[in-house]
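In this text, all values refer to a predicted model and were calculated from it rather than measured experimentally.
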Amino acid sequence: MNRRASLGTVRDELAELAVVSARFRWLVGAVLIALVLLGWRFAHLQLNQHEVFAGRADDNRIRLQALPPNRGLILDRNGQVLAENLPAHRLVIVPERTRSVADTLAELEALIELSPADLERFERQRLRSRRFEAVTVKPNLSPEQLARLAAHRHRLPGVEIEAYLTRHYPHAEALSHVIGYVGRIDERDLRRLPVERYRGTTHVGKTGIERHYEDLLHGFPGFKRVETNAQGRVLRVLERSHPTPGRDLQLSIDLDLQLAAVEAMGDHAGAVVVLAVETGEILALVSKPGFDTNLFVHGISRQDYSLLLGHRQRPLFNRFLSGGYEPGSTVKPFISLAGLESGQITPTRRIFSSGYFQLPGHSRRYRDWRRGGHGWVDLELALAESVNVYYYQLAVDLGIDRISRELALFGFGRGTGVDLPGESSGVLPTRTWKQATFGEPWFPGETVITGIGQGFTVVTPLQLAHATAALAGRGYTAPPRLVGNSETVRMVQHQPAHWDAVFNGMAATIHGSRGTARAIAADLPVRMAGKTGTAQVFGLPDDDEERRRRLGGEIPEHLRNHALFIGFAPEEAPRLALSVVVEHGGGGAGVAAPVAAKVIKRALELGH
Amino acid sequence: MAAVMARRPIAPGILRLDGWLLLLLVILMGIGLAVLYSAGEQRLGLVWQQTARLGIGMVALVIMAYIPPRLLQLWAPWLFLAALGLLLATAFFGVGRGAQRWLDLGVIRFQPAEAMKLALPLMLAAWYGRQPLPPGWRDTLLGLVVIAVPAGLIATQPDLGTAVLVTASGLVLMFLAGLRWRLIGLMLAGAIAALPLLWMNLHAYQQSRVLTFLNPERDPLGQGWNIIQSKIAVGSGGLFGKGWQASTQSHLEFLPEPHTDFIFSVLAEEFGFLGVVVVLALYGLITLRALYMASRCRDTFGRLLGATIVTMFFLYMVVNVAMVSGLIPVVGVPLPLVSYGGTSAVTVLAGFGLIMGLYSRRRFMDGA
């Protein structure tokens with residue numbers, strides 16, 4: 001029984017052994033094939049495609065980090081610093097190292113004041129950052145804040161003080177409209193800036209020189225090749241290329257003269273422009289009042305900004321570049337040249353000033369500023385005393401086309417091309433301009449008042465100074481520049497005698513016994529030529545007597561006329577040309593001329 | 001015939017362990033721990049934990065080697081039913097995120113599906129060990145049912161990967177038992193025909209895995225990320241590798257799960273193609289040695305069970321390695337004996353213990 005069963009089992013086992021053994025051989029074959037296939041796969045990945053994957057592994061881990069360049073300095077002509085980079089400190093939080101970001105912020109608020117704007121910016125930046133990246137809580141810490149934070153930092157993990165460079169303007173108020181300022185890069189900047197060059201940069205020039213010479217001042221970023229992990233955390237620096245700092249800019253501005261001009265203006269709003277006649281270099285360029293441009297570097301607070309916007313004198317307004325003023329009587333030297341050139345007047349021909357002028361067949365009276373008139377006047381006296389009737393007559397004799405042509409030669413009606421953004425071109429009235437702007441023909445009455453710089457003519461103080469420089473250079477000057485040189489060009493061509501005649505009249509304005517600006521002659525170390533002017537404040541009658549009567553006594557300041565002055569010195573060989581505009585200064589003689597005298601005197605002292 | 005008849009008593013030695021196999025296993029585990037140290041961010045704690053688990057696995061190996069196979073064959077139905085019961089319990093009381101895979105026993109949590117990986121082959125081996133081979137229609141059908149019930153339960157957890165592997169272990173055993181080629185062909189045809197049906201029944205995440213496998217760039221930051229980064233790790237290793245602990249892909253956290261499912265990528269990156277060949281050879285040698293040992297078992301039960309266990313060990317390796325090299329979709333299968341993780345290491349080593357126990361009780365034949 002046992003044996004049979006055993007026999008049966010043996011036979012089964014033999015057959016089964018054969019079956020199973022056959023399947024074992026299949027299995028072994030399958031195992032070997034699988035191993036070969038896997039080996040082949042890895043040979044493909046690791047040997048054939050090694051280069052590809054090695055590259056991708058490096059792409060994975062190696063990133064470029066930008067090292068922002070240091071911005072170039074801005075200096076005055078003597079090397080005095082006008083814009084610099086100062087070390088500053090900011091408070092940052094590394095979220096992953098804090099116990100709780102909210103608690104940390106609460107503790108920080110107990111130490112230093114955090115504005116809603118600070119907190120808002122922090123939250124915004126934090127959302128865009130990784131947990132291990134530092135997020136700014138407050139920039140530009142004061143020394144007291146620094147000290148307080150330093151004392152408490154040990155109990156605030158994740159809170160750090162970072163040093164960085166920030167733009168600073170030591171003479172912000174005096175040069176706000178020249179230097180301009182840098183500010184945080186915003187959406188609009190992003191659209192115009194080359195992304196690569198601004199990697200890692202937070203600020204960009206927004207106005208003034210900072211904006212115009214952004215390309216030079218910015219420099220080129222350097223790069224750090226860093227190894228990062230999958231989350232982007234930097235583990236080590238593999239390679240570093242240093243940034244190329246921006247170029248330092250030396251302006252033609254003389255800081256001492258600039259400050260003197262600012263001081264000379266006192267509390268008035270207005271503009272002063274001083275040019276070197278031959279080179280076009282701008283020695284002083286003032287728009288009063290200025291403002292603290294440093295406020296804009298870190299993002300101006302709403303409160304400060306509304307103060308600036310609401311200020312009666314509009315400090316944000318760039319008067320020398322965008323301020324449009326009637327030239328008033330300062331236009332008379334230029335009209336005189338047109339008259340001399342056309343033969344309508346000669347230096348000696350006299351005209352009788354009765355106190356007013358009337359166009360034939362018209363009833364309107366165009367007045368002299370002096371009631372009763374100036375009597376018989378030649379060109380010199382007409383300029384020195386600013387006789388309106390002389391110029392009413394001359395303007396009518398010349399016609400608007402002649403006047404426009406002469407004024408255009410001196411650069412009226414177009415930008416000077418100065419190296420600053422936002423220059424306005426003013427208005428040079430012509431027949432075609434009138435037709436295009438108002439859809440009306442030119443009326444003869446408009447020619448009359450154009451002769452004394454009223455009506456449609458609008459100039460900027462810079463244009464006026466540039467025209468004065470062309471006058472002083474007897475037709476030769478260079479376009480105004482703040483940086484670098486420009487070539488002296490001949491803008492206007494007249495006979496020497498004609499220049500002399502106008503120079504004489506302008507000198508008599510100051511040094512003549514009846515000159516409108518004779519009061520300043522005593523303060524001047526050299527002979528100077530000049531011309532006063534008054535620009536009407538819109539909407540009021542054109543003579544002060546009339547106004548005074550209507551307004552009853554004293555005229556409130558904001559309704560007073562703008563005072564203008566142009567001049568150059570020394571008269572015999574002019575090196576300096578200037579224009580002064582004092583808003584609501586009343587008449588040019590009373591307020592603008594003394595400012596000019598102080599500025600010219602200082603300029604001569606400084607060796608210009 | 002006489003040679004076969006002349007049997008000797010069971011091997012006399014008390015030592016039921018196999019020296020060659022043990023040596024190969026220890027070398028593999030050593031390499032595994034070295035790679036783990038690097039892949040696990042040089043955390044020694046991780047290495048000690050894994051060493052402890054392998055130690056437990058070695059204890060399981062020894063215990064299994066000393067359990068008489070006859071007992072196992074006797075207990076097989078009960079062990080199978082017990083494992084089935086646990087699977088059912090998991091379906092009702094199981095825990096886990098998304099899928100109910102774990103059974104919480106208070107002290108430990110474990111996956112009953114893991115136990116089924118041994119219980120099913122044991123059951124089938126015990127069954128076919130008593131039946132005449134090759135199996136007839138009836139036995140084949142029965143075998144398929146025995147496979148289908150636990151596989152179905154696991155698939156509904158849902159844990160498709162394990163279900164497929166458990167099914168595979170059953171099918172491998174049936175193949176070894178001599179399943180007719182005609183049937184194999186029929187089943188293959190049936191499987192291919194059923195593919196669209198299967199696809200429609202897949203969960204969305206399973207479908208997207210397959211799609212991502214077919215085109216990793218479809219989701220380069222999501223599921224495609226794993227495959228892409230693993231291939232980068234492997235490929236950037238080159239012939240000689242970047243050196244031990246010099247894997248950038250895992251240390252810089254580009255590679256997901258570098259110490260578990262993707263540990264082979266780390267090995268490939270640090271030791272290059274040469275390291276890959278050595279480790280694949282090691283797996284091959286272990287498999288062939290264990291297959292040889294299984295083939296020398298005294299009875300069909302032992303041969304079927306032993307060979308199935310080895311084949312599954314090899315299959316896990318193939319699936320894992322094929323996965324990290326982008327040959328098949330990502331299917332959370334660890335690399336046996338190398339990936340960090342306890343359950344699988346213990347199961348695998350217990351299986352090898354079983355094989356050693358079976359082999360030590362082989363017949364010693366004259367002149368064979």
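- Ranked by heavy-atom pairs shorter than 4.5 Å toward chain B, the options A/V52, A/V20, A/N48 are led by A/V20.
- Closest heavy-atom contact between A/A54 and B/S236: CA-CB, 3.6 Å.
- For A/H242, the NE2 atom counts as loosely surrounded, since its 6.0 Å shell holds 12 or fewer non-hydrogen atoms of other residues, nucleotides or ligands.
- For the pairing with A/F53, the side chain to side chain contact (heavy atoms under 4.5 Å, CB included) check across B/I228, B/I232, B/V234 returns one residue only, B/I232.
- In this structure, A/R23 contributes its side chain and B/L179 its backbone to a donor-acceptor pair below 3.5 Å.
- Heavy-atom contacts from other residues, nucleotides or ligands closer than 6.0 Å to CZ of A/R192 number more than 12.
- Heavy atoms of B/F264 lying under 4.5 Å from chain A belong exclusively to its side chain.
- Ranked by non-hydrogen atom pairs under 4.5 Å with chain A, the options B/G235, B/G178, B/A307, B/G241 are led by B/G235.
- Contact detail for B/A177 and A/V19: the closest heavy-atom pair is O-CG1, 3.9 Å.
- Only the side chain of B/F314 comes within less than 4.5 Å of a heavy atom in chain A; its backbone stays farther off.
- Residues of residues 24-43 of chain A having a heavy atom under 4.5 Å from any heavy atom of chain B, listed by number: A/F24, A/W26, A/L27, A/V28, A/V31, A/L32, A/A34, A/L35, A/L38, A/G39, A/R41, A/F42, A/A43.
- A donor-acceptor pair is defined here as one N or O able to donate and one able to accept, closer than 3.5 Å; such a pair exists between the side chain of A/Q46 and the backbone of B/A268.
- Both the backbone and the side chain of B/S325 come within contact range of chain A, each with at least one heavy atom under 4.5 Å from a heavy atom of that chain.
- Heavy atoms closer than 4.5 Å to chain A are found nowhere in B/A281, neither backbone nor side chain.
- Proximity of B/L239 to A/H50: side-chain heavy atoms (C-beta onward) are nowhere separated by under 4.5 Å.
- Using a 4.5 Å cut-off between heavy atoms, B/S295 touches chain A through backbone and side chain atoms alike.
- For residues 88-97 of chain A, an interface with chain B (any heavy-atom pair closer than 4.5 Å) does not exist.
- In A/R155, the CZ atom is crowded: over 12 heavy atoms of neighbouring residues, nucleotides or ligands sit closer than 6.0 Å.
- Interface summary for chain A: among B/L288, B/L291, B/V321, B/L176, the most heavy-atom pairs under 4.5 angstrom belong to B/L176.
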